[in-house]
2 protein chains.
Amino acid sequence: MTGEDLDKRVKAILSAVVHNYIATAEPVGSRTLSKIDEIKLSPATIRNVMAYLSDLGYLEQPHKSAGRVPTDKAYRFYVDSLVVANALPGDIKRMIDNELGESSQGLESLLIQTTRLLAALTQFTGIVAAPRVEHSQLKMIEFIKMNARQIFVVLITRSNIVHNKVIDVSEDFSQEFLNSVTSHLNSQFSGQSLLEIRENLMENLAVEKARYDQLLAQVARLSKKAFELPEEDSLYVEGQSNIVKDFHDLDKVQRLLKALEEKIGIINILDQTVLASGVQIYIGMEIESEELQDCALITAQYGSENNFLGAIGVIGPTRMNYPRVIPIIDYTAKILSQALINN
Amino acid sequence: MTGEDLDKRVKAILSAVVHNYIATAEPVGSRTLSKIDEIKLSPATIRNVMAYLSDLGYLEQPHKSAGRVPTDKAYRFYVDSLVVANALPGDIKRMIDNELGESSQGLESLLIQTTRLLAALTQFTGIVAAPRVEHSQLKMIEFIKMNARQIFVVLITRSNIVHNKVIDVSEDFSQEFLNSVTSHLNSQFSGQSLLEIRENLMENLAVEKARYDQLLAQVARLSKKAFELPEEDSLYVEGQSNIVKDFHDLDKVQRLLKALEEKIGIINILDQTVLASGVQIYIGMEIESEELQDCALITAQYGSENNFLGAIGVIGPTRMNYPRVIPIIDYTAKILSQALINN
DNA sequence: TATTAGCACTCGGTAAGAGTGAGTGCTAAT
DNA sequence: ATTAGCACTCACTCTTACCGAGTGCTAATA
């Protein structure tokens, strides 16, 4: 990304600054580095290197007589040079296993639990994007008549994920009739993605209309309604209160909370994650959202190898402890995926 | 509650202090009152009255040389003396009608939308407790077989509210068999509350066990699982970011956010509301929760006359604008109730 | 030639002191 | 019963001074 190829010693100092800043949240001075580190250099030498790193845009000074603070670029370097992520401590592993292992809970409560778990383990804000409906493949659909005007639709995907909703109808269909419609839909569309089904149905609808067959046209309309997609994929957010710890500016806190409430911006970012594989890290300006500056987003997709369903992650300050958080996200995504497959 | 019967003039001054404090969030001094109000009295006289009110516990001074601030007791007096609530402005009325009027959305999204609406209109934090399952009456139950080990249960109540979940079973029941079970359950239990049904089933289970009839015992276990209640009723919360505006203390903000995350405490308070009728107001210490001090909670139940389902409300600072907020809660609850009945 | 010691300089943060003003309680006059 | 007058309180703001961590630059050193 940035063509710079830094000297080994320069890299060591940059890493040390980032490391120290993550630990203390205080600007790092040359004296501190000279003392603490195995980089046996005098403060003066370190100052030279730091000035160099400032020129390259890796470090910043809050004001002239203060130590250095890492920029987004520095965090990016730091994260990229973390070749080996920390191993996940056994007790945390066990916590994740316990929380998500016991199955027999519905999708929704499983995802909520995952979100809470992420927040609790990382002490940041946990986010989980629910599986996207439109690309999932139909396993079966079922209609249950509620009353003359409403039908309850249950839709089960290949991944055993259940979606359901109520649709309004103008005609009073009998349950027997509904059953015949569903068995037809099941045999015709089973295995196709909801998006494909929708397209097929649109064609059908046109054909039936042309035929002037009242009943069939009604069935077509009914089916179309049943496969209509929800306006908005849902996002679970937990642990907002952790934001207060990390940002001491009330204004900043409010804008972050607002951004989390609006959800849509974050869903868009997570949508990218679902396509990429493994743990993804977005730092500061790499997140295109205005409000999420000074934040880092660590995410991973979940689902099975060839069928990724959604993404999980945490949002925290750019100065979060990456080596600690990354393996948590990674492992949680894996266990969640398993829980969904076993489902 | 407090036996005090205040002089008319004293009441006027107390009201004026509360009113002014709600508007400005600044401690109110005697000079301010003497100027602004139609109470044509000198600051000195007002000071006497204020000293009296301080003695009775209606007013407090942040420090000796500051104006007065209302206590919870003062807000309680103020709210109780609001005989006539403000009429709700037409445009707000229309907003509520528009947002909740258009039906054909599921229960969940309707409740979420209500929560958001409350937050948007009041600029405080909106909360909505979902209908409590256990007291609702069964209209019909339906089993859909997902696979050999899992069954999807749909449960529709008299109020046309749909609950659903996945249950795990050890036996591989056929769909036909499941249908026969549901038709039996429907005919036997339709109209009973879920709590009653559970009790009946427990008896059944005992009887069947005694009979050593393998199949019937299995059916009994299956039915029992189907009617098992969710561990926790759900609470929707929106507009947390508004908290930051009203509480300038970071620590306070964090504790409030935490309390909202935990939900259970707030659900308990709302449970009381479902039993009482009309708009309920809880001020400061009247809420038994530690974290919700300095907060007021305005709530109302929703549902039909003889069958209340849940409660809606807002949480804000005790110095919220009660005359403005109360009618919003009141009207929103009414429209939500209608939307659910029309459903 | 790379490193370091030395030094002048910067500047946020804290502390102390003074002045301001909104507000109070009390007393005496109306 | 009400009010004018007055001494007093105390948070807030502003100024001043000082401290110290940290810097950049230059000259000495290995």
Out of C:dG25, D:dT23, C:dT3, minimum distance to the side chain of A:Arg9 belongs to C:dT3
Does a salt bridge link B:Arg76 with B:Glu286, judged by any charged N lying under 4.0 Å from a carboxylate O?
yes
Are B:Tyr58 and B:Leu56 close enough that some pair of their side-chain heavy atoms sits under 4.5 Å apart?
yes
Roughly how many Å is it from NE2 in A:His63 to C1' in D:dG24, rounded to a whole number?
16 Å
Of the candidate nucleotides C:dG25, D:dG22, D:dT3, which contains the atom at the shortest distance from the side chain of A:Thr32?
D:dG22
Whole-Å gap separating P (D:dT3) and CG (B:Leu33)
14 Å
Nearest to the side chain of B:Lys64, which nucleotide is it out of D:dC10, C:dC11, D:dG24?
D:dC10
What integer distance in Å separates A:Asn20:CG from D:dA21:C1'?
14 Å
Counting heavy atoms from C-beta on, name the nucleotide in C:dT4, C:dC11, D:dA4 closest to the side chain of B:Ser42.
D:dA4
Using whole Å, report how far CD1 of A:Ile46 lies from C1' of C:dA5.
14 Å
Against the side chain of B:Arg47, the closest entry in D:dG24, C:dT24, C:dG12 is C:dT24
In whole angstrom, give the distance that lies between atom CG of B:Asp55 and atom C1' of C:dG25.
12 Å
One should read off an interatomic distance between A:Thr332 OG1 and A:Leu118 CG, to the nearest 0.5 angstrom, of 5.0 Å
Are any of A:Thr45's side-chain N or O atoms less than 4.0 Å away from OP1 or OP2 of C:dA2?
no
Nucleotide of D:dT3, C:dG12, C:dT24 approaching B:Asn48 most closely (side-chain heavy atoms):
D:dT3
Watson-Crick or G-U wobble mate for C:dA29, both contacts under 3.5 Å
D:dT2
About how many Å separate CD of B:Glu261 and OG1 of A:Thr125, when rounded to the nearest 0.5 Å?
8.0 Å
Verify the neighbour count for atom CZ of A:Arg255: are there more than 12 heavy atoms of other residues, nucleotides or ligands below 6.0 Å?
yes
Quick one: label B:Ala44 by what it contacts on the DNA or RNA (base, sugar-phosphate, nothing), any heavy atom closer than 4.0 Å.
base
Looking only at N and O atoms, is any donor in the side chain of B:Arg31 or the base of C:dG23 less than 3.5 Å from an acceptor on the other one?
no
How many Å lie between OH on B:Tyr52 and P on C:dG25, as a whole number?
15 Å
Hey, which sits more toward the 5' end of DNA chain D by its nearest nucleotide, A:Met50 or B:Pro62?
B:Pro62
Between P of C:dC9 and CD of A:Gln61, the distance in whole Å
18 Å
A:Ser65 side chain, from C-beta outward: closest of D:dA21, D:dA4, C:dG25:
D:dA21
With the threshold set at 4.0 Å, does a side-chain nitrogen-carboxylate oxygen contact exist between B:Asp7 and B:Lys11?
no
Length of the line joining A:Glu60:CD and D:dT23:C1', which is rounded to integer Å
16 Å
For C:dA22, the Watson-Crick or wobble counterpart (both distances under 3.5 Å):
D:dT9
